[in-house]
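Notes follow the structure.
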Amino acid sequence: MIISPTGQRSLIVYDRQVPDTPIATVEFDQQEADQVAGLLHSRPLAERLAAVEQRLESLLQDVRD
């Protein structure tokens with residue numbers, strides 16, 4: 001997903017045989033781009049948030065000690 005300086009969101013598809021050659025560009029509005037980004041994440045948001053909270057708690061504990 002590429003976001004241009006104007007805010008346009010595009011997904012560029014490259015040729016498998018010639019990886020440097022784009023074969024298609026799909027443009028998205030902000031909501032569509034957010035949905036695609038959500039689908040591409042490897043873990044659900046709740047799991048990622050829990051991991052961040054655990055890391056933050058660990059850092060805070062280190063500061064307290």
Side-chain angles (χ1 to χ4, degrees):
M1 186 71 62
I2 303 211
I3 302 175
S4 73
T6 64
Q8 177 62 45
R9 289 152 174 82
S10 303
L11 181 67
I12 301 173
V13 181
Y14 288 89
D15 188 321
R16 287 180 184 232
Q17 303 301 322
V18 186
D20 293 336
T21 304
I23 58 173
T25 301
V26 183
E27 295 183 359
F28 297 99
D29 64 26
Q30 182 174 356
Q31 183 179 5
E32 292 168 331
D34 290 344
Q35 290 173 346
V36 170
L39 291 171
L40 294 176
H41 284 292
S42 61
R43 296 183 298 166
L45 178 59
E47 287 181 26
R48 292 191 319 262
L49 182 56
V52 169
E53 289 173 340
Q54 289 174 350
R55 180 67 179 138
L56 179 58
E57 183 58 37
S58 174
L59 292 170
L60 290 173
Q61 189 62 40
D62 289 346
V63 170
R64 291 180 196 132
D65 290 341

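Values below: all heavy atoms of this structure, side chains included; hydrogens, waters and symmetry mates excluded.
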Between E32 and E27, which heavy-atom pair has the shortest distance, and what is it? OE1-O, 4.4 Å
Where R9 and I3 come nearest, the two heavy atoms and their spacing: CG-CG1, 3.8 Å
Taking the side chain as every heavy atom from C-beta outward, state whether E57 and E53 have any pair of such atoms under 4.5 Å apart. no
Could you give the distance from [atom1] ([X]) to [atom2] ([Y]), rounded to the nearest 0.5 Å?
X: R64; Y: L59; atom1: CZ; atom2: CG; result: 10.5 Å
X: D34; Y: L39; atom1: CG; atom2: CG; result: 11.0 Å
X: T21; Y: I12; atom1: OG1; atom2: CD1; result: 12.5 Å
X: R16; Y: I23; atom1: CZ; atom2: CD1; result: 9.0 Å

Do other residues, nucleotides or ligands put more than 12 heavy atoms under 6.0 Å from the CD atom of Q61? yes
Same cluster or not: Y14 versus I2, using hydrophobic residues (I, L, V, M, F, W, Y) connected whenever any side-chain heavy atoms lie under 4.5 Å apart? yes
